[in-house]
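The structure follows.
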Amino acid sequence: MELHLYNTLTRQKELFRPIRDGEVRMYHCGPTVYQRPHIGNYRAFLFADLLRRVLELADLKVTQIMNLTDVGHLVDDAEEGDDKLEAQARKDKLDPWQIVEKVSAQFFEDMNALGVQPAHAYPRATDHIEEMVEMVEKLIEMKHAYRVGDNVYFDVHSFPSYGRLSGNRIEDLEAGARLEVNDEKKHPADFALWKSDEHHLMKWDTVFGPHGFPGWHIECSAMARKFLGDHFDIHTGGEDNVFPHHECEIAQSESALNGPFVNLWMHTKFLQVDGGKMGKSLGNAYTLDDLAERGFSALDYRFLMMRGSYRNSLNFTWEALKGAAEARRNLNDFRSRLLGEGGEPEEMNLESLGAESAVAKARVAFRKALADDLNTSESLAALFVLRNAYVHGELDAAEYPVALALLAEADSVFGFFDSIESGGLSDQEIDQLIQERGEARAAKDFARADAIRDELTAAKITLEDTPDGVKWFRG
RNA sequence: GCCGGCAUAGCCAAGUGGUAAGGCAACGGAUUGCAAAUCCGUCACCCCCAGUUCGAGUCUGGGUGCCGGCUCCA
(Lines give C-alpha, C1' and ligand atoms only; values in the text may rest on other atoms or scores of the structure.)
Protein backbone atom coordinates (compact mmCIF):
# COMPACT_ATOMS: atom_id res chain seq x y z
CA MET A 1 0.00 0.00 0.00
CA GLU A 2 1.68 3.18 -1.20
CA LEU A 3 0.61 6.33 0.58
CA HIS A 4 0.54 9.73 -1.01
CA LEU A 5 0.36 12.51 1.57
CA TYR A 6 0.15 16.26 1.21
CA ASN A 7 3.17 18.11 2.49
CA THR A 8 2.66 21.70 3.62
CA LEU A 9 6.34 22.29 3.00
CA THR A 10 6.21 21.47 -0.71
CA ARG A 11 2.51 22.21 -1.20
CA GLN A 12 1.89 18.97 -3.01
CA LYS A 13 1.07 15.33 -2.46
CA GLU A 14 4.16 13.17 -2.18
CA LEU A 15 4.79 9.47 -2.13
CA PHE A 16 5.47 8.75 1.52
CA ARG A 17 8.81 7.08 2.22
CA PRO A 18 9.83 6.60 5.83
CA ILE A 19 13.37 7.50 6.82
CA ARG A 20 13.84 4.05 8.34
CA ASP A 21 12.40 1.14 6.43
CA GLY A 22 9.02 0.05 7.73
CA GLU A 23 9.03 2.49 10.60
CA VAL A 24 7.42 5.90 11.08
CA ARG A 25 8.16 8.44 13.77
CA MET A 26 5.71 11.27 14.17
CA TYR A 27 5.00 14.16 16.47
CA HIS A 28 1.73 15.99 17.02
CA CYS A 29 1.24 19.38 18.59
CA GLY A 30 -1.14 18.61 21.42
CA PRO A 31 -3.31 20.75 23.63
CA THR A 32 -2.33 23.56 25.93
CA VAL A 33 -3.89 22.26 29.09
CA TYR A 34 -5.41 25.40 30.52
CA GLN A 35 -9.00 24.86 29.38
CA ARG A 36 -10.94 21.84 28.28
CA PRO A 37 -10.36 21.32 24.57
CA HIS A 38 -13.41 21.92 22.35
CA ILE A 39 -14.52 19.94 19.32
CA GLY A 40 -12.39 22.08 17.05
CA ASN A 41 -9.27 21.07 18.94
CA TYR A 42 -10.31 17.47 18.70
CA ARG A 43 -10.53 17.64 14.95
CA ALA A 44 -6.75 17.91 14.84
CA PHE A 45 -6.28 15.09 17.31
CA LEU A 46 -8.70 12.85 15.46
CA PHE A 47 -6.69 13.52 12.35
CA ALA A 48 -3.50 12.47 14.13
CA ASP A 49 -5.24 9.27 15.20
CA LEU A 50 -6.50 8.61 11.68
CA LEU A 51 -3.04 9.13 10.24
CA ARG A 52 -1.54 6.68 12.71
CA ARG A 53 -4.17 4.07 11.90
CA VAL A 54 -3.69 4.43 8.15
CA LEU A 55 0.08 4.14 8.52
CA GLU A 56 -0.48 0.96 10.49
CA LEU A 57 -2.86 -0.31 7.83
CA ALA A 58 0.05 0.14 5.45
CA ASP A 59 2.07 -2.20 7.68
CA LEU A 60 4.31 0.49 9.11
CA LYS A 61 5.45 0.46 12.71
CA VAL A 62 4.45 3.81 14.15
CA THR A 63 5.90 5.74 17.05
CA GLN A 64 3.55 8.53 17.92
CA ILE A 65 4.27 11.37 20.33
CA MET A 66 1.91 14.15 21.38
CA ASN A 67 3.01 16.91 23.68
CA LEU A 68 1.02 18.51 26.45
CA THR A 69 1.81 22.17 26.78
CA ASP A 70 1.57 22.76 30.48
CA VAL A 71 3.37 26.06 30.63
CA GLY A 72 1.32 28.99 29.46
CA HIS A 73 2.99 31.06 26.84
CA LEU A 74 2.73 34.77 26.66
CA VAL A 75 -0.46 36.26 25.40
CA ASP A 76 1.58 38.58 23.25
CA ASP A 77 5.14 39.28 22.34
CA ALA A 78 5.39 42.53 24.23
CA GLU A 79 7.88 42.79 27.03
CA GLU A 80 5.18 42.63 29.69
CA GLY A 81 3.16 39.61 28.75
CA ASP A 82 0.43 37.72 30.46
CA ASP A 83 0.34 33.96 30.65
CA LYS A 84 -2.92 32.29 29.74
CA LEU A 85 -2.39 29.41 32.10
CA GLU A 86 -1.79 31.78 34.95
CA ALA A 87 -4.70 33.94 33.84
CA GLN A 88 -6.98 30.91 33.95
CA ALA A 89 -5.58 29.95 37.35
CA ARG A 90 -6.41 33.35 38.77
CA LYS A 91 -9.91 33.08 37.36
CA ASP A 92 -10.48 29.65 38.89
CA LYS A 93 -8.64 30.54 42.08
CA LEU A 94 -6.35 27.56 41.66
CA ASP A 95 -2.64 27.40 41.18
CA PRO A 96 -1.48 26.74 37.62
CA TRP A 97 -0.36 23.22 38.43
CA GLN A 98 -3.83 22.26 39.59
CA ILE A 99 -5.31 23.60 36.36
CA VAL A 100 -2.87 21.46 34.41
CA GLU A 101 -3.85 18.29 36.27
CA LYS A 102 -7.55 18.95 36.00
CA VAL A 103 -7.54 19.77 32.30
CA SER A 104 -5.15 16.95 31.39
CA ALA A 105 -7.42 14.40 33.04
CA GLN A 106 -10.39 15.80 31.15
CA PHE A 107 -8.43 15.69 27.92
CA PHE A 108 -7.56 12.00 28.27
CA GLU A 109 -11.15 11.20 29.15
CA ASP A 110 -12.35 12.94 26.00
CA MET A 111 -9.75 11.25 23.83
CA ASN A 112 -10.81 7.90 25.17
CA ALA A 113 -14.47 8.64 24.45
CA LEU A 114 -13.50 9.61 20.92
CA GLY A 115 -11.90 6.24 20.41
CA VAL A 116 -8.44 7.71 19.93
CA GLN A 117 -5.64 5.20 20.33
CA PRO A 118 -3.18 6.46 22.93
CA ALA A 119 0.05 7.88 21.59
CA HIS A 120 3.22 6.23 22.77
CA ALA A 121 4.03 9.17 25.00
CA TYR A 122 2.51 12.49 26.05
CA PRO A 123 5.55 14.45 27.19
CA ARG A 124 4.99 17.63 29.17
CA ALA A 125 6.88 20.81 28.59
CA THR A 126 7.64 21.37 32.26
CA ASP A 127 9.36 17.99 32.45
CA HIS A 128 11.80 19.04 29.76
CA ILE A 129 13.14 22.40 30.88
CA GLU A 130 16.64 20.99 30.91
CA GLU A 131 16.48 19.84 27.29
CA MET A 132 15.12 23.21 26.24
CA VAL A 133 17.83 25.14 28.04
CA GLU A 134 20.44 22.93 26.48
CA MET A 135 19.09 23.65 23.01
CA VAL A 136 18.91 27.38 23.65
CA GLU A 137 22.51 27.40 24.86
CA LYS A 138 23.55 25.55 21.75
CA LEU A 139 21.80 28.12 19.59
CA ILE A 140 23.58 30.96 21.35
CA GLU A 141 26.88 29.19 20.95
CA MET A 142 26.23 28.74 17.24
CA LYS A 143 25.33 32.43 16.89
CA HIS A 144 21.75 31.67 15.89
CA ALA A 145 20.51 33.26 19.08
CA TYR A 146 21.49 36.19 21.25
CA ARG A 147 20.96 37.07 24.85
CA VAL A 148 19.60 40.39 26.05
CA GLY A 149 19.65 40.52 29.81
CA ASP A 150 17.84 37.40 30.95
CA ASN A 151 16.00 36.98 27.67
CA VAL A 152 17.12 35.03 24.64
CA TYR A 153 15.98 35.57 21.07
CA PHE A 154 16.41 33.61 17.87
CA ASP A 155 17.96 35.59 15.04
CA VAL A 156 15.77 34.82 12.03
CA HIS A 157 18.34 36.26 9.63
CA SER A 158 20.71 33.50 10.68
CA PHE A 159 18.41 30.94 9.10
CA PRO A 160 18.13 31.58 5.36
CA SER A 161 15.08 29.42 4.73
CA TYR A 162 13.01 31.06 7.46
CA GLY A 163 9.54 31.46 5.94
CA ARG A 164 9.71 28.45 3.66
CA LEU A 165 6.95 26.55 5.43
CA SER A 166 4.47 29.39 5.74
CA GLY A 167 5.34 31.36 2.63
CA ASN A 168 6.05 34.44 4.70
CA ARG A 169 9.01 36.64 3.91
CA ILE A 170 10.95 38.34 6.63
CA GLU A 171 10.53 41.69 4.88
CA ASP A 172 6.75 41.26 4.78
CA LEU A 173 6.67 40.31 8.42
CA GLU A 174 8.60 43.42 9.20
CA ALA A 175 6.13 45.51 7.27
CA GLY A 176 3.24 43.83 9.06
CA ALA A 177 1.54 46.47 11.11
CA ARG A 178 0.44 43.98 13.71
CA LEU A 179 3.88 42.91 14.76
CA GLU A 180 4.66 44.24 18.20
CA VAL A 181 7.78 46.29 18.36
CA ASN A 182 10.17 45.15 20.99
CA ASP A 183 13.27 47.30 21.28
CA GLU A 184 15.35 44.46 22.69
CA LYS A 185 15.24 42.47 19.52
CA LYS A 186 17.66 43.01 16.70
CA HIS A 187 14.84 42.47 14.26
CA PRO A 188 11.06 42.57 14.77
CA ALA A 189 10.65 39.04 13.39
CA ASP A 190 13.11 37.51 15.84
CA PHE A 191 11.29 35.30 18.33
CA ALA A 192 11.82 34.48 21.99
CA LEU A 193 13.58 31.30 23.04
CA TRP A 194 13.67 32.15 26.71
CA LYS A 195 12.01 34.90 28.70
CA SER A 196 12.33 36.13 32.22
CA ASP A 197 9.80 37.76 34.49
CA GLU A 198 10.02 37.66 38.24
CA HIS A 199 6.23 37.93 38.56
CA HIS A 200 5.58 34.66 36.81
CA LEU A 201 4.34 31.78 38.94
CA MET A 202 5.71 29.13 36.60
CA LYS A 203 9.38 29.94 36.35
CA TRP A 204 12.73 28.20 36.54
CA ASP A 205 16.14 29.11 37.82
CA THR A 206 18.59 28.47 35.00
CA VAL A 207 21.77 29.84 33.47
CA PHE A 208 19.59 32.57 31.99
CA GLY A 209 18.57 33.84 35.39
CA PRO A 210 16.34 32.94 38.33
CA HIS A 211 12.92 33.86 36.92
CA GLY A 212 12.88 32.32 33.46
CA PHE A 213 10.41 30.38 31.41
CA PRO A 214 10.57 28.91 27.89
CA GLY A 215 9.64 30.76 24.73
CA TRP A 216 6.72 29.82 22.54
CA HIS A 217 8.20 27.15 20.36
CA ILE A 218 11.22 25.58 21.98
CA GLU A 219 9.35 22.84 23.84
CA CYS A 220 8.33 21.00 20.69
CA SER A 221 11.83 21.15 19.24
CA ALA A 222 13.33 19.80 22.44
CA MET A 223 10.79 17.08 23.12
CA ALA A 224 10.53 15.89 19.53
CA ARG A 225 14.27 15.49 19.49
CA LYS A 226 14.32 13.60 22.75
CA PHE A 227 11.60 11.13 21.79
CA LEU A 228 12.07 10.80 18.04
CA GLY A 229 15.61 11.78 17.29
CA ASP A 230 17.14 14.66 15.35
CA HIS A 231 15.45 13.80 12.08
CA PHE A 232 12.03 12.16 11.93
CA ASP A 233 9.17 11.58 9.50
CA ILE A 234 6.00 13.50 10.25
CA HIS A 235 4.92 16.49 12.29
CA THR A 236 1.28 17.59 12.43
CA GLY A 237 -0.85 20.34 13.88
CA GLY A 238 -3.73 22.66 13.13
CA GLU A 239 -3.40 25.12 10.28
CA ASP A 240 -2.85 27.92 12.76
CA ASN A 241 0.39 26.22 13.80
CA VAL A 242 2.03 26.71 10.43
CA PHE A 243 3.11 30.16 11.41
CA PRO A 244 4.69 31.06 13.65
CA HIS A 245 4.92 27.85 15.64
CA HIS A 246 6.15 25.32 13.10
CA GLU A 247 8.14 27.84 11.13
CA CYS A 248 10.04 28.66 14.30
CA GLU A 249 10.47 25.02 15.26
CA ILE A 250 12.13 24.34 11.95
CA ALA A 251 14.42 27.31 12.35
CA GLN A 252 15.46 26.29 15.87
CA SER A 253 15.88 22.62 15.26
CA GLU A 254 17.64 22.75 11.93
CA SER A 255 19.95 25.44 13.24
CA ALA A 256 20.79 23.64 16.46
CA LEU A 257 21.11 20.20 14.90
CA ASN A 258 22.69 21.36 11.69
CA GLY A 259 20.58 19.07 9.55
CA PRO A 260 17.08 18.22 8.41
CA PHE A 261 14.38 18.13 11.09
CA VAL A 262 11.08 16.81 9.71
CA ASN A 263 10.34 15.42 6.26
CA LEU A 264 6.57 15.78 6.16
CA TRP A 265 4.46 18.54 7.66
CA MET A 266 0.71 18.01 7.76
CA HIS A 267 -1.95 20.44 8.94
CA THR A 268 -5.68 20.19 9.50
CA LYS A 269 -8.01 22.95 8.48
CA PHE A 270 -10.23 24.55 11.07
CA LEU A 271 -13.69 23.46 11.92
CA GLN A 272 -16.29 26.10 11.21
CA VAL A 273 -19.63 26.43 12.90
CA ASP A 274 -22.71 27.44 10.91
CA GLY A 275 -20.50 28.70 8.13
CA GLY A 276 -18.48 31.02 10.31
CA LYS A 277 -15.68 30.85 12.74
CA MET A 278 -15.83 29.07 16.02
CA GLY A 279 -14.86 30.96 19.10
CA LYS A 280 -15.30 30.90 22.81
CA SER A 281 -16.59 34.43 22.72
CA LEU A 282 -19.14 33.43 20.08
CA GLY A 283 -20.50 30.72 22.35
CA ASN A 284 -20.10 28.02 19.71
CA ALA A 285 -16.90 26.39 20.91
CA TYR A 286 -18.69 23.21 21.89
CA THR A 287 -17.29 20.48 24.09
CA LEU A 288 -18.20 16.81 24.03
CA ASP A 289 -20.59 17.51 26.90
CA ASP A 290 -22.51 19.98 24.76
CA LEU A 291 -22.87 17.25 22.15
CA ALA A 292 -23.96 14.71 24.73
CA GLU A 293 -26.63 17.09 26.00
CA ARG A 294 -28.18 16.96 22.55
CA GLY A 295 -27.98 13.21 22.46
CA PHE A 296 -24.86 12.71 20.38
CA SER A 297 -21.98 10.46 21.28
CA ALA A 298 -18.31 11.21 20.83
CA LEU A 299 -18.27 8.55 18.13
CA ASP A 300 -20.97 10.41 16.22
CA TYR A 301 -18.64 13.38 16.19
CA ARG A 302 -15.76 11.17 15.15
CA PHE A 303 -17.84 9.91 12.24
CA LEU A 304 -18.70 13.45 11.21
CA MET A 305 -15.01 14.32 11.04
CA MET A 306 -14.28 11.25 8.93
CA ARG A 307 -16.86 12.32 6.38
CA GLY A 308 -14.82 15.31 5.36
CA SER A 309 -11.26 15.81 4.25
CA TYR A 310 -8.80 17.04 6.85
CA ARG A 311 -7.47 19.56 4.33
CA ASN A 312 -10.79 21.34 3.86
CA SER A 313 -12.55 23.39 6.44
CA LEU A 314 -15.55 21.46 7.63
CA ASN A 315 -18.77 23.13 8.57
CA PHE A 316 -20.18 21.90 11.83
CA THR A 317 -23.95 22.19 12.15
CA TRP A 318 -26.31 20.26 14.38
CA GLU A 319 -28.06 19.04 11.26
CA ALA A 320 -24.79 17.69 9.90
CA LEU A 321 -24.07 15.93 13.18
CA LYS A 322 -27.53 14.42 13.13
CA GLY A 323 -26.88 13.17 9.61
CA ALA A 324 -23.57 11.68 10.67
CA ALA A 325 -25.15 9.92 13.63
CA GLU A 326 -27.81 8.38 11.38
CA ALA A 327 -25.26 7.30 8.82
CA ARG A 328 -23.08 5.74 11.48
CA ARG A 329 -26.05 3.84 12.80
CA ASN A 330 -26.83 2.50 9.34
CA LEU A 331 -23.31 1.22 8.93
CA ASN A 332 -23.43 -0.35 12.36
CA ASP A 333 -26.69 -2.06 11.48
CA PHE A 334 -25.18 -3.31 8.26
CA ARG A 335 -22.49 -5.11 10.20
CA SER A 336 -24.98 -6.39 12.75
CA ARG A 337 -27.24 -7.77 10.06
CA LEU A 338 -24.36 -9.62 8.43
CA LEU A 339 -23.48 -11.10 11.78
CA GLY A 340 -27.12 -11.92 12.41
CA GLU A 341 -27.24 -13.91 9.23
CA GLY A 342 -24.55 -16.23 10.39
CA GLY A 343 -21.46 -14.48 9.18
CA GLU A 344 -18.19 -14.75 11.07
CA PRO A 345 -15.32 -12.45 10.09
CA GLU A 346 -12.80 -14.24 7.97
CA GLU A 347 -9.22 -13.61 7.09
CA MET A 348 -9.27 -11.42 4.04
CA ASN A 349 -8.51 -13.41 0.95
CA LEU A 350 -8.87 -11.24 -2.10
CA GLU A 351 -7.62 -13.88 -4.49
CA SER A 352 -10.50 -16.19 -3.72
CA LEU A 353 -13.02 -13.43 -4.35
CA GLY A 354 -12.55 -12.51 -7.95
CA ALA A 355 -12.27 -8.95 -9.06
CA GLU A 356 -15.98 -8.73 -9.80
CA SER A 357 -16.96 -9.42 -6.23
CA ALA A 358 -18.65 -6.46 -4.59
CA VAL A 359 -16.51 -7.00 -1.51
CA ALA A 360 -13.27 -7.02 -3.47
CA LYS A 361 -14.28 -3.85 -5.29
CA ALA A 362 -15.21 -2.19 -2.03
CA ARG A 363 -11.91 -3.09 -0.44
CA VAL A 364 -9.90 -1.79 -3.38
CA ALA A 365 -11.86 1.47 -3.38
CA PHE A 366 -11.61 1.75 0.40
CA ARG A 367 -7.83 1.39 0.48
CA LYS A 368 -7.16 3.38 -2.65
CA ALA A 369 -9.04 6.36 -1.26
CA LEU A 370 -7.20 6.25 2.05
CA ALA A 371 -3.85 5.97 0.29
CA ASP A 372 -4.67 9.15 -1.60
CA ASP A 373 -3.95 11.63 1.17
CA LEU A 374 -6.47 10.07 3.55
CA ASN A 375 -9.57 10.60 1.46
CA THR A 376 -11.91 9.34 4.16
CA SER A 377 -14.96 10.68 2.40
CA GLU A 378 -14.46 8.49 -0.62
CA SER A 379 -13.24 5.60 1.46
CA LEU A 380 -16.40 5.72 3.51
CA ALA A 381 -18.52 5.89 0.38
CA ALA A 382 -17.06 2.53 -0.68
CA LEU A 383 -18.50 0.98 2.47
CA PHE A 384 -21.93 2.40 1.75
CA VAL A 385 -21.77 1.10 -1.80
CA LEU A 386 -21.14 -2.33 -0.35
CA ARG A 387 -24.03 -1.89 2.02
CA ASN A 388 -26.28 -1.01 -0.89
CA ALA A 389 -25.17 -4.13 -2.74
CA TYR A 390 -26.13 -6.16 0.31
CA VAL A 391 -29.47 -4.47 0.71
CA HIS A 392 -30.26 -5.00 -2.96
CA GLY A 393 -29.52 -8.68 -2.61
CA GLU A 394 -26.44 -8.50 -4.81
CA LEU A 395 -24.22 -10.03 -2.16
CA ASP A 396 -23.92 -13.79 -2.00
CA ALA A 397 -24.33 -15.22 1.49
CA ALA A 398 -20.97 -16.90 1.03
CA GLU A 399 -19.45 -13.43 0.87
CA TYR A 400 -20.76 -12.29 4.25
CA PRO A 401 -17.68 -13.42 6.16
CA VAL A 402 -15.33 -11.49 3.87
CA ALA A 403 -17.62 -8.50 3.96
CA LEU A 404 -17.38 -8.62 7.73
CA ALA A 405 -13.62 -8.88 7.51
CA LEU A 406 -13.60 -5.75 5.37
CA LEU A 407 -15.76 -3.95 7.91
CA ALA A 408 -13.34 -5.00 10.62
CA GLU A 409 -10.50 -3.55 8.58
CA ALA A 410 -12.53 -0.38 8.10
CA ASP A 411 -13.09 -0.21 11.82
CA SER A 412 -9.36 -0.44 12.44
CA VAL A 413 -9.04 2.82 10.51
CA PHE A 414 -12.25 4.67 11.32
CA GLY A 415 -12.91 3.34 14.78
CA PHE A 416 -16.53 4.41 14.96
CA PHE A 417 -18.35 1.11 15.14
CA ASP A 418 -20.15 0.37 18.36
CA SER A 419 -19.11 -2.68 20.27
CA ILE A 420 -21.56 -5.53 19.88
CA GLU A 421 -23.38 -6.33 23.08
CA SER A 422 -25.24 -9.55 23.35
CA GLY A 423 -27.44 -8.27 26.12
CA GLY A 424 -27.21 -11.59 27.92
CA LEU A 425 -29.85 -13.34 25.81
CA SER A 426 -29.10 -16.51 23.87
CA ASP A 427 -30.33 -17.07 20.35
CA GLN A 428 -32.83 -19.60 21.66
CA GLU A 429 -34.21 -17.14 24.20
CA ILE A 430 -34.51 -14.47 21.55
CA ASP A 431 -36.29 -16.81 19.15
CA GLN A 432 -38.59 -17.80 21.97
CA LEU A 433 -39.46 -14.18 22.74
CA ILE A 434 -40.04 -13.41 19.07
CA GLN A 435 -42.36 -16.37 18.82
CA GLU A 436 -44.30 -15.19 21.88
CA ARG A 437 -44.54 -11.76 20.34
CA GLY A 438 -45.90 -13.32 17.16
CA GLU A 439 -48.54 -15.14 19.13
CA ALA A 440 -49.47 -11.99 21.02
CA ARG A 441 -49.79 -10.10 17.76
CA ALA A 442 -51.98 -12.83 16.30
CA ALA A 443 -54.20 -12.57 19.37
CA LYS A 444 -54.21 -8.77 18.98
CA ASP A 445 -52.58 -8.41 22.37
CA PHE A 446 -50.44 -5.52 21.18
CA ALA A 447 -49.55 -4.36 24.65
CA ARG A 448 -47.85 -7.69 25.24
CA ALA A 449 -46.27 -7.66 21.77
CA ASP A 450 -44.81 -4.20 22.28
CA ALA A 451 -43.60 -5.11 25.74
CA ILE A 452 -41.58 -7.94 24.25
CA ARG A 453 -40.21 -5.67 21.56
CA ASP A 454 -39.19 -3.17 24.22
CA GLU A 455 -37.55 -5.91 26.22
CA LEU A 456 -35.51 -6.98 23.21
CA THR A 457 -34.62 -3.41 22.37
CA ALA A 458 -33.35 -2.95 25.89
CA ALA A 459 -31.16 -6.02 25.34
CA LYS A 460 -29.75 -4.39 22.16
CA ILE A 461 -31.71 -6.64 19.85
CA THR A 462 -33.26 -4.96 16.82
CA LEU A 463 -36.39 -6.42 15.23
CA GLU A 464 -37.43 -5.93 11.65
CA ASP A 465 -40.89 -7.01 10.58
CA THR A 466 -40.45 -7.73 6.91
CA PRO A 467 -42.80 -9.31 4.39
CA ASP A 468 -40.62 -12.40 4.70
CA GLY A 469 -41.17 -12.60 8.41
CA VAL A 470 -39.39 -11.21 11.45
CA LYS A 471 -35.65 -10.66 11.24
CA TRP A 472 -33.46 -9.73 14.15
CA PHE A 473 -29.87 -8.84 14.88
CA ARG A 474 -27.75 -7.83 17.81
CA GLY A 475 -26.29 -4.37 18.16
C1' G B 1 -1.36 46.43 4.06
C1' C B 2 1.17 41.41 3.15
C1' C B 3 0.70 35.87 2.60
C1' G B 4 -2.47 31.29 1.97
C1' G B 5 -7.04 28.29 1.43
C1' C B 6 -12.09 27.39 0.10
C1' A B 7 -17.07 28.28 -2.67
C1' U B 8 -20.79 21.49 -5.49
C1' A B 9 -28.61 19.85 -4.06
C1' G B 10 -32.48 21.70 2.20
C1' C B 11 -27.82 19.92 5.22
C1' C B 12 -22.71 17.42 5.30
C1' A B 13 -19.46 16.11 1.49
C1' A B 14 -16.21 13.44 -2.73
C1' G B 15 -14.78 14.48 -7.40
C1' U B 16 -8.32 18.01 -10.28
C1' G B 17 -10.23 17.95 -18.55
C1' G B 18 -14.65 13.73 -20.80
C1' U B 19 -20.14 14.63 -19.34
C1' A B 20 -21.97 15.19 -11.19
C1' A B 21 -19.51 9.39 -5.37
C1' G B 22 -21.67 8.66 -0.69
C1' G B 23 -24.59 9.99 3.60
C1' C B 24 -28.61 12.71 6.10
C1' A B 25 -33.24 15.11 5.39
C1' A B 26 -37.58 15.53 2.26
C1' C B 27 -41.30 13.57 -0.93
C1' G B 28 -44.13 9.32 -3.31
C1' G B 29 -44.94 4.08 -2.57
C1' A B 30 -44.60 -1.10 -0.18
C1' U B 31 -45.09 -3.62 4.35
C1' U B 32 -47.27 -3.27 9.31
C1' G B 33 -51.83 -3.67 14.69
C1' C B 34 -48.60 0.54 15.15
C1' A B 35 -43.63 1.93 14.13
C1' A B 36 -39.07 6.60 15.18
C1' A B 37 -37.91 -0.23 12.20
C1' U B 38 -37.26 -2.19 7.15
C1' C B 39 -37.63 -2.09 1.74
C1' C B 40 -38.63 0.27 -3.42
C1' G B 41 -38.50 4.89 -6.06
C1' U B 42 -37.73 10.41 -6.84
C1' C B 43 -34.43 14.47 -5.91
C1' A B 44 -27.96 19.15 -8.58
C1' C B 45 -25.70 21.04 -14.83
C1' C B 46 -21.34 22.59 -9.60
C1' C B 47 -21.02 31.48 -6.46
C1' C B 48 -20.85 35.41 -10.72
C1' C B 49 -18.42 37.32 -15.35
C1' A B 50 -14.89 36.64 -19.21
C1' G B 51 -11.40 33.29 -21.46
C1' U B 52 -8.47 28.51 -22.97
C1' U B 53 -10.22 23.74 -25.08
C1' C B 54 -13.43 19.27 -29.55
C1' G B 55 -14.93 19.16 -24.40
C1' A B 56 -14.41 22.62 -17.72
C1' G B 57 -17.26 21.59 -11.39
C1' U B 58 -12.17 20.37 -12.79
C1' C B 59 -7.37 25.11 -16.33
C1' U B 60 -6.51 30.93 -16.81
C1' G B 61 -7.96 36.11 -15.54
C1' G B 62 -11.34 39.33 -12.93
C1' G B 63 -15.28 39.83 -9.25
C1' U B 64 -18.11 38.51 -4.79
C1' G B 65 -18.39 35.76 -0.20
C1' C B 66 -16.34 32.85 3.76
C1' C B 67 -12.00 30.87 6.46
C1' G B 68 -6.92 30.90 8.16
C1' G B 69 -1.85 33.17 9.08
C1' C B 70 0.98 37.95 9.92
C1' U B 71 -0.83 37.91 17.92
C1' C B 72 -1.50 32.57 22.63
C1' C B 73 -5.02 29.50 19.73
C1' A B 74 -6.34 22.62 16.51
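Quick note on labels: first sequence line is chain A, next is B, and so on, each numbered from 1. Hydrogens, waters and symmetry mates are skipped; everything else that's a heavy atom, side chains included, is used. Since the structure is predicted, the reported quantities are computational estimates derived from the model, not experimental observations.
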rA74(B) phosphate, OP1 or OP2, under 4.0 Å from K269(A) side-chain N/O: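 For rA74(B), neither OP1 nor OP2 has a side-chain N or O of K269(A) closer than 4.0 Å.
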
Parallel, tilted or perpendicular: ring planes of F296(A) versus W318(A), cut at 30 and 60 degrees: parallel

Same-atom distance (C1') from rG15(B) to rU8(B), integer angstrom: 9 Å

Atom pair distance, as rounded to whole Å: CG in L314(A) and C1' in rG23(B): 13 Å

Parallel, tilted or perpendicular: rings of H267(A) and W265(A) (30°, 60°):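 Judged by the thresholds at 30° and 60°, the geometry between W265(A) and H267(A) is parallel.
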
Stacked pair F270(A)-rA74(B), distance under 5.5 Å, angle under 30°: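 Yes; by the centre-distance and plane-angle rule, F270(A) counts as stacking on rA74(B).
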
Residue matched to rC47(B) through Watson-Crick or wobble contacts both under 3.5 angstrom: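 Because both required distances fall under 3.5 Å, rC47(B) counts as paired with rG63(B).
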
Nucleotide of rC11(B), rG5(B), rG22(B) approaching N388(A) most closely (side-chain heavy atoms):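 For the N388(A) side chain, the nearest candidate turns out to be rG22(B).
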
Distance, P atom - from rC46(B) to rA9(B), rounded to whole angstrom: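 These two P atoms come out 10 Å apart once rounded.
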
rA74(B) versus rA20(B) - spacing of their C1' atoms, nearest Å: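 It comes out at 33 Å once rounded to the nearest Å.
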
Aromatic ring pairing F414(A)/F366(A), orientation class (parallel under 30°, perpendicular over 60°, tilted between): perpendicular

Heavy-atom protein contacts under 4.0 Å, nucleotides 27-38 of chain B, coded B base, S sugar-phosphate only, - none: -----SBBB-BS

rG68(B) versus rA56(B) - spacing of their C1' atoms, nearest Å: 28 Å

Whole-Å C1' distance, rG51(B) and rC43(B): 34 Å

Exercise: identify the closest heavy-atom pair between L304(A) and L314(A):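 The answer is O-CD1, 3.9 Å.
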
Out of rG23(B), rC67(B), rC73(B), whichever nucleotide has its closest atom nearest the side chain of D240(A): rC73(B)

Nucleotide nearest N168(A) (side chain, heavy atoms from C-beta), chosen from rA14(B), rA74(B), rC3(B):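 The closest nucleotide is rC3(B).
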
Nucleotide nearest A381(A) when distance is taken to its side chain, options rC11(B), rA21(B), rC40(B):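 Comparing rC11(B), rA21(B), rC40(B) against the side chain of A381(A), the answer is rA21(B).
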
P gap between rC11(B) and rA30(B), integer Å: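 My reading of the P atoms in rC11(B) and rA30(B) gives 31 Å.
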
Aromatic plane relationship, F191(A) with F154(A) - under 30° parallel, 30 to 60° tilted, over 60° perpendicular: parallel

N375(A) or A44(A), whichever maps to the more 5' nucleotide of RNA chain B: N375(A)

Whichever of N41(A) and S379(A) has its nearest RNA chain B nucleotide further upstream toward 5': S379(A)

Between rA21(B) and rU16(B) - C1' atom distance, rounded Å: 15 Å

Under-3.5 Å donor-acceptor pair between S309(A) side chain and rA14(B) base: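 By the distance-only test, no, there is no pair.
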
Pairing partner (Watson-Crick or G-U wobble, both distances under 3.5 angstrom) of rC39(B):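 Base-paired to rG29(B).
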
Aromatic plane relationship, F108(A) with Y122(A) - under 30° parallel, 30 to 60° tilted, over 60° perpendicular: perpendicular

Pairs involving residues 406-418 of chain A, ordered by first then second residue, that meet side-chain hydrogen bond (donor to acceptor under 3.5 Å, both in side chains) (sequence neighbours left out):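 Matches after skipping sequence neighbours: R328(A)-D418(A), N332(A)-D418(A), R363(A)-E409(A), R367(A)-E409(A).
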
Interatomic distance at C1', rA44(B) relative to rC39(B), whole Å: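 26 Å, rounded to whole Å.
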
